[in-house]
Amino acid sequence: MPELPEVETVRIGLASLLPGRIIKDVWHDWPKSFPNSPSDVARFLLRAKITHVRRRGKVLIIELSSGYSLVIHLKMTGQLVFVGKAAEPRAKSSKTGAGEKFGGGHPSDSLLRNLPDKSTRAVIDFTDGSKLFFNDQRKFGWMRLLPTSQIPEIDFFKKIGPEPLDDDFTVQEFIDVLKTRKNSAIKAVLLDQSVLAGVGNIYADESLFAAKIHPSSPVNTISPTKLVKLYNELRAILKLAIEKGGSTDRNYVDAKGKKGSYLNFAKVFRQQGQPCPRCGTRIIKIRVAGRGTHLCPRCQKAPKGLK
DNA sequence: CACTTGACCTGTCCGC
DNA sequence: TGCGGACAGGTCAAGT
């Protein structure tokens, strides 16, 4: 599921593939996937050149020379897959068909399939013949054109909390933002995008396990020592996940169609019934904040008022 | 006002 | 094998 590390992995891929390309045509199947009017599309998207690819929380921002940006949320099953030749054909070692198809040399876990397919919601054609596919099985994701200069002023972006991996995001700031929700379960707070940007179910469970905090614990019952631990573990886990190309449960792939391997390193997520890597107790799955939640009942003691 | 639950969707898996 | 239903989870609207 695209959380911060997955979206960042897509961003890194797109940032290496898209800038400089010029949009020739756009197709989309579903108004909700891409609700801009045809006239706005014609004025601000067609013939525009891509200048930058940015990320804020779980949202991708593809900046265009028209002064507009294509803003994209992948939600749970969204993919942005680029098909075409990579910009610099420096390494000329392509011998496999897959390498050619996905723009230059891919490991065997590439998304080897033909696009578009039935999950394809939108296709952007570039003047050089390459294409960007927006696939979304469950149709929760969206993309829309917004004036670049106004993006920071839009409600959706104004509400997003600090980026946990920013260099100047301190442990004190982390504790301060958590304390704005002192009576809520810590997991619900971590998932709240207005408190902290980019954390979703996988990394909430993993970081709470690493810090030995029960996900149902109200924030104000957690010791400062443990909150510091949580800050450090969360950042380390997010960074490691980006290194591993994110987590692929079933759908997620990066801009080149490649799956992420972080779930191979997950200690509790989807590990119910398996022994805890620290103490051997069986990992359990419960519901917290309306989400499937994985934890070690021994390492992560429930707060007194039960779960 | 703080907090929780349901709706949005489709594909998959599980039990009968 | 087929079928119904629970489940998956990011976010917002609606509920308590």
Side-chain angles (χ1 to χ4, degrees), chain A residues 1-10 28-35 55-60 71-80 111 113 116-122 134-144 154-161 163-164 177-208 215-221 238 241 246-253 259-260 262-263 266 268-273 284-295 303 305-307:
Chain A
M1 310 302 132
E3 305 180 25
L4 187 153
E6 291 74 34
V7 180
E8 177 64 11
T9 301
V10 172
H28 64 95
D29 76 326
W30 212 49
K32 220 172 143 183
S33 294
F34 190 12
R55 177 187 62 79
R56 177 78 173 97
K58 299 173 187 171
V59 179
L60 280 165
V71 178
I72 303 171
H73 200 310
L74 300 174
K75 289 290 181 85
M76 282 170 302
T77 55
Q79 306 174 332
L80 282 173
L111 179 80
R113 70 181 200 209
D117 64 19
K118 64 180 174 179
S119 76
T120 300
R121 306 267 88 88
F134 175 42
N135 305 317
D136 184 16
Q137 184 178 97
R138 289 173 67 180
K139 299 185 177 179
F140 285 5
W142 47 260
M143 57 196 296
R144 59 201 53 174
I154 291 166
D155 251 17
F156 179 88
F157 284 91
K158 276 205 288 199
K159 283 191 303 194
I160 301 180
E163 290 286 333
V177 295
L178 292 188
K179 292 240 164 115
T180 63
R181 300 278 307 277
K182 55 190 165 67
N183 294 315
S184 292
I186 179 67
K187 176 162 177 178
V189 179
L190 289 177
L191 293 177
D192 187 335
Q193 300 301 294
S194 70
V195 173
L196 202 59
V199 180
N201 211 35
I202 296 171
Y203 303 106
D205 281 5
E206 290 297 315
S207 60
L208 289 168
S216 299
S217 309
V219 170
N220 63 1
T221 66
L238 292 174
S247 295
T248 294
D249 177 22
R250 44 170 71 93
N251 279 281
Y252 167 75
V253 295
K259 297 178 175 183
Y262 181 79
L263 281 191
V268 291
F269 190 81
R270 294 266 202 284
Q271 298 299 309
Q272 60 269 31
I284 60 170
K285 183 176 179 183
I286 63 174
R287 268 191 115 67
V288 177
R291 306 297 221 306
T293 297
H294 312 76
L295 66 121
L306 216 62
K307 55 183 171 144

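Nothing here was measured: the structure is a model prediction, and the numbers come from that model. Just so it is clear: chains get the letters A, B, ... in the order the sequence lines come, proteins before strands, and each one is counted from 1.
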Parallel, tilted or perpendicular: rings of A/H73 and A/W142 (30°, 60°): tilted
Interatomic distance where CD1 belongs to A/I286 and P belongs to C/dA8 [whole Å]: 13 Å
Distance, rounded to the nearest Å, where A/L4 contributes CG and C/dG9 contributes P: 18 Å
Test salt bridge (charged side-chain N to carboxylate O under 4.0 Å, His left out) applied to A/R270 - qualifying residues, sequence neighbours left out: A/D249
Side-chain heavy atoms of A/F157 within contact of A/R56, under 4.5 Å: yes
Sub-4.5 Å side-chain heavy-atom contact between A/S207 and A/L190: yes
Salt bridge (charged side-chain N to carboxylate O under 4.0 Å, His left out) partners for A/R55, two or more places apart: A/E8, A/E163
Between C/dG10 (P) and A/L74 (CG): distance, integer Å: 12 Å
A/L208 and A/I186, any side-chain heavy atoms less than 4.5 Å apart: yes
Inter-nucleotide P distance (B/dC14, C/dG9), Å rounded: 15 Å
Nucleotide C/dT11, atom C1' - distance to CZ of A/R56 in whole Å: 16 Å
Rounded interatomic separation in angstrom, taking CD from A/Q137 and P from C/dC7: 19 Å
Atom P, compared across C/dC3 and B/dC9: separation rounded to whole Å: 25 Å
A/R291 (side chain) and C/dA8 (base): donor-acceptor pair under 3.5 Å: no
Test of ring centre spacing under 6.0 Å for A/Y203 and A/F269: no
Sugar-phosphate only, base, or nothing, as touched by A/D136 at under 4.0 Å among non-hydrogen atoms: nothing
Between P of C/dA13 and CZ of A/F156, the distance in whole Å: 11 Å
Test log, rule salt bridge (charged side-chain N to carboxylate O under 4.0 Å, His left out), inputs A/R181 and A/D192: CA-CA 10 Å; A/R181 300 278 307 277; A/D192 187 335; 2.5 Å; yes
Sugar-phosphate only, base, or nothing, as touched by A/K182 at under 4.0 Å among non-hydrogen atoms: nothing
Residue pair A/I202, A/L263: steps toward the side-chain contact (heavy atoms from CB on, under 4.5 Å) verdict: CA-CA 9 Å; A/I202 296 171; A/L263 281 191; 4.2 Å; yes
Distance in angstrom units between A/I160 CD1 and C/dG10 C1', rounded: 12 Å
Nucleic acid contacts of residues 187-201 of chain A, taken as heavy-atom distances under 4.0 Å to DNA chain C: A/Q193, A/G200, A/N201
Sugar-phosphate, base or nothing in reach of A/Y252, heavy atoms under 4.0 Å: nothing
Short side-chain N/O contact from A/H73 to OP1 or OP2 of C/dT11, under 4.0 Å: yes
Heavy-atom side-chain contact between A/Q79 and A/Y252 under 4.5 Å: no
C/dT11 OP1/OP2 closer than 4.0 Å to side-chain N/O of A/K58: yes
Side-chain touch A/S247/A/E6, heavy atoms, less than 4.5 angstrom: yes
Contact check, side chains of A/V10 and A/L60, non-hydrogen atoms, under 4.5 Å: yes
5′-ward residue of the pair A/K139/A/S184 relative to DNA chain B: A/S184
Protein-nucleotide distance (A/D205, atom CG; C/dA8, atom C1'), rounded to Å: 13 Å
A/K187 and A/T293: side chain donor to acceptor below 3.5 Å: yes
OP1 or OP2 of C/dA8 under 4.0 Å from side-chain N/O of A/R287: yes
Chain A footprint on DNA chain B, 5' to 3' - any atom under 4.0 Å from a heavy atom: B/dC3 to B/dG11
Heavy-atom side-chain proximity of A/S194 to A/I160 below 4.5 angstrom: no
Sugar-phosphate, base or nothing in reach of A/G292, heavy atoms under 4.0 Å: sugar-phosphate
Touch class at under 4.0 angstrom, heavy-atom based, for A/R270 against every strand present: sugar-phosphate
Using nucleotides 14-16 of chain C, report all nitrogen or oxygen pairs with the protein that are shorter than 3.5 Å.
none

Inter-nucleotide P distance (C/dA6, B/dG6), Å rounded: 13 Å
A/D29 vs A/R121, salt bridge (charged side-chain N to carboxylate O under 4.0 Å, His left out): CA-CA, chis, key distance, verdict: CA-CA 5 Å; A/D29 76 326; A/R121 306 267 88 88; 3.1 Å; yes
Stems involving DNA chain B, each a run of at least 3 consecutive Watson-Crick or G-U pairs under 3.5 Å: B:2-8 with C:10-16, B:10-16 with C:2-8
